[in-house]
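All values below come from the heavy atoms of this structure, side chains included, with hydrogens, waters and symmetry mates left out. Just follow the structure's listing: the first ligand is 1, and inside any ligand the first atom is 1.
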Amino acid sequence: MPQQPPAPEAPEAELDRLRTEVLAQVKAADPRLAEVVRAAVTHLHAFVREVRPTEEEWLAGLDFLVRTGHACTATRNEFILLSDMLGLTSAVDEVNHAGPAEATPSSVEGPFHSPAPPRPLGAWIAEGPERERGRPMAVHGRVTDCAGRPLAGATVDVWQADDAGRYDTQDAAQPPGNLRALLTTAEDGSYWFRSVLPSSYPVPTDGPVGDLLTALGRHPMRPAHIHLRVAAPGHRPVTTHVFVAGDPYLDSDAAFAVKDALVVTPEAVDDPAAAERWSLSAPFLDFAFDVRLVARPDGTEDAAAKTGAAEVAR
Ligand SMILES: [Fe+2]
């Protein structure tokens with residue numbers, strides 16, 4: 001009786017062997033690099049085991065990454081956009097900036113930060129048509145520690161889109177630095193500036209990430225917001241957003257950056273005396289947002305706080 005050929009090795013065992021062999025080749029001297037690569041290899045092999053992609057599907061995935069790379073320029077990072085749209089930027093933010101409940105939550109920086117012009121407290125940060133068209137708004141608040149003690153001399157770096165959802169860096173018609181400001185808090189920790197209500201806006205959709213959103217049946221919109229980066233000596237800086245309550249995209253932010261504590265309702269005020277307080281004309285919007293920073297136990301600064309100080313000096 002002829003001998004039966006051995007049964008073909010189970011694919012699962014072969015997949016195990018492959019993963020084990022690849023992991024055995026990770027010999028990085030840097031232990032953190034080794035940990036990261038081992039985890040990436042383990043998760044990606046598990047992905048293949050679960051999804052069982054065809055070769056065509058695998059090559060299509062690689063081609064998507066190639067196109068994502070080709071879409072990057074000196075001023076556009078399609079990979080960051082991809083990370084944002086998959087909620088990964090927010091996840092990385094979350095694991096790096098957990099804080100006490102009293103602290104202002106962080107949120108992703110986004111791609112539109114650039115050095116802001118230092119401006120005095122109370123400055124109009126919208127110029128030209130943006131100021132003429134937009135709904136005037138007094139934005140104000142206090143920067144304190146988590147116990148409510150005011151932080152004088154804190155830097156408040158602000159950037160926002162206009163009433164059409166465009167940043168100055170996207171819009172040649174806007175002067176550089178429009179709708180941006182670098183402010184320094186007063187003795188009582190207060191800050192304020194005059195601006196216009198920002199609009200919700202779409203993320204760039206003319207690249208492969210836009211194609212992905214379309215294929216997934218997702219919209220590209222981000223709810224209206226103002227970005228803030230606040231830093232004070234001896235405290236952990238915070239980079240965050242303040243979202244405008246009532247925006248139709250609050251529950252479906254394409255970048256998954258909304259947190260309840262960051263949603264503010266602008267109060268419509270039609271009182272000339274109240275407007276005079278902010279050097280505005282009625283009607284206007286009163287937009288109040290306090291920032292609470294976490295004190296560092298050792299009172300040391302970090303690189304972000306130093307950056308804020310350097311920007312003030314410019
Ligand atoms: Fe933004």
Side-chain angles (χ1 to χ4, degrees), residues 73 75-94 97 104-117 125-127 130 133-135 137 139 141 156-183 193 195-207 209-210 213 218-230 237-264 266 285 287 289 291 304 308 311:
T73 69
T75 56
R76 172 174 182 166
N77 191 322
E78 194 79 355
F79 274 110
I80 289 180
L81 182 62
L82 177 60
S83 170
D84 292 351
M85 297 300 100
L86 295 179
L88 291 167
T89 310
S90 286
V92 172
D93 176 62
E94 203 61 38
H97 296 287
T104 298
S106 64
S107 187
V108 300
E109 180 171 308
F112 295 114
H113 180 263
S114 64
I125 72 167
E127 299 173 33
E130 275 66 37
R133 288 194 317 254
R135 293 182 68 185
M137 192 164 68
V139 183
V156 181
D157 189 347
V158 177
W159 66 107
Q160 67 165 88
D162 66 6
D163 59 309
R166 289 170 304 199
Y167 288 86
D168 62 340
T169 47
Q170 298 173 296
D171 182 1
Q174 291 187 46
N178 202 27
L179 293 161
R180 298 178 190 272
L182 187 64
L183 308 167
F193 59 95
S195 187
V196 294
L197 187 69
S199 173
S200 46
Y201 63 81
V203 300
T205 55
D206 58 344
V209 175
L213 293 177
R218 285 179 52 184
H219 72 70
M221 298 301 293
R222 302 221 51 223
H225 57 268
I226 298 173
H227 295 270
L228 294 176
R229 188 158 81 186
V230 181
V238 66
T239 298
T240 195
H241 292 52
V242 192
F243 295 91
V244 179
D247 189 285
Y249 300 106
L250 272 179
D251 293 331
S252 61
D253 179 10
F256 306 97
V258 178
K259 296 176 180 176
D260 289 346
L262 301 177
V263 179
V264 168
L285 297 170
F287 194 98
F289 185 69
V291 177
E311 287 176 353

* Taking the side chain as every heavy atom from C-beta outward, state whether Val242 and Leu262 have any pair of such atoms under 4.5 Å apart. =>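 In short, these two side chains do not touch, never coming nearer than 4.5 Å.
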
* Asked: Would you say the side chain of Pro223 lies within less than 4.5 Å of the side chain of Val244, judging by non-hydrogen atoms?
  -> no

* Mark yes or no for whether Lys259, through its side chain, and Ser106, through its backbone, hold a donor-acceptor pair below 3.5 Å. => yes

* To do: Look at the side chain of Thr89 and the backbone N and O of Asp84, then say whether any donor-acceptor pair between them is shorter than 3.5 Å.
  => yes

* To do: Only protein N/O/S atoms count here: give how many lie under 2.8 Å from the Fe ion (ligand 1).
  =>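 For the Fe ion (ligand 1), protein nitrogen, oxygen or sulfur atoms under 2.8 Å: 4.
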
* **Side chains of Asp157 and His113, donor plus acceptor under 3.5 Å** => yes

* **Aromatic plane relationship, Trp159 with His227 - under 30° parallel, 30 to 60° tilted, over 60° perpendicular** =>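 His227 vs Trp159 ring planes: parallel.
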
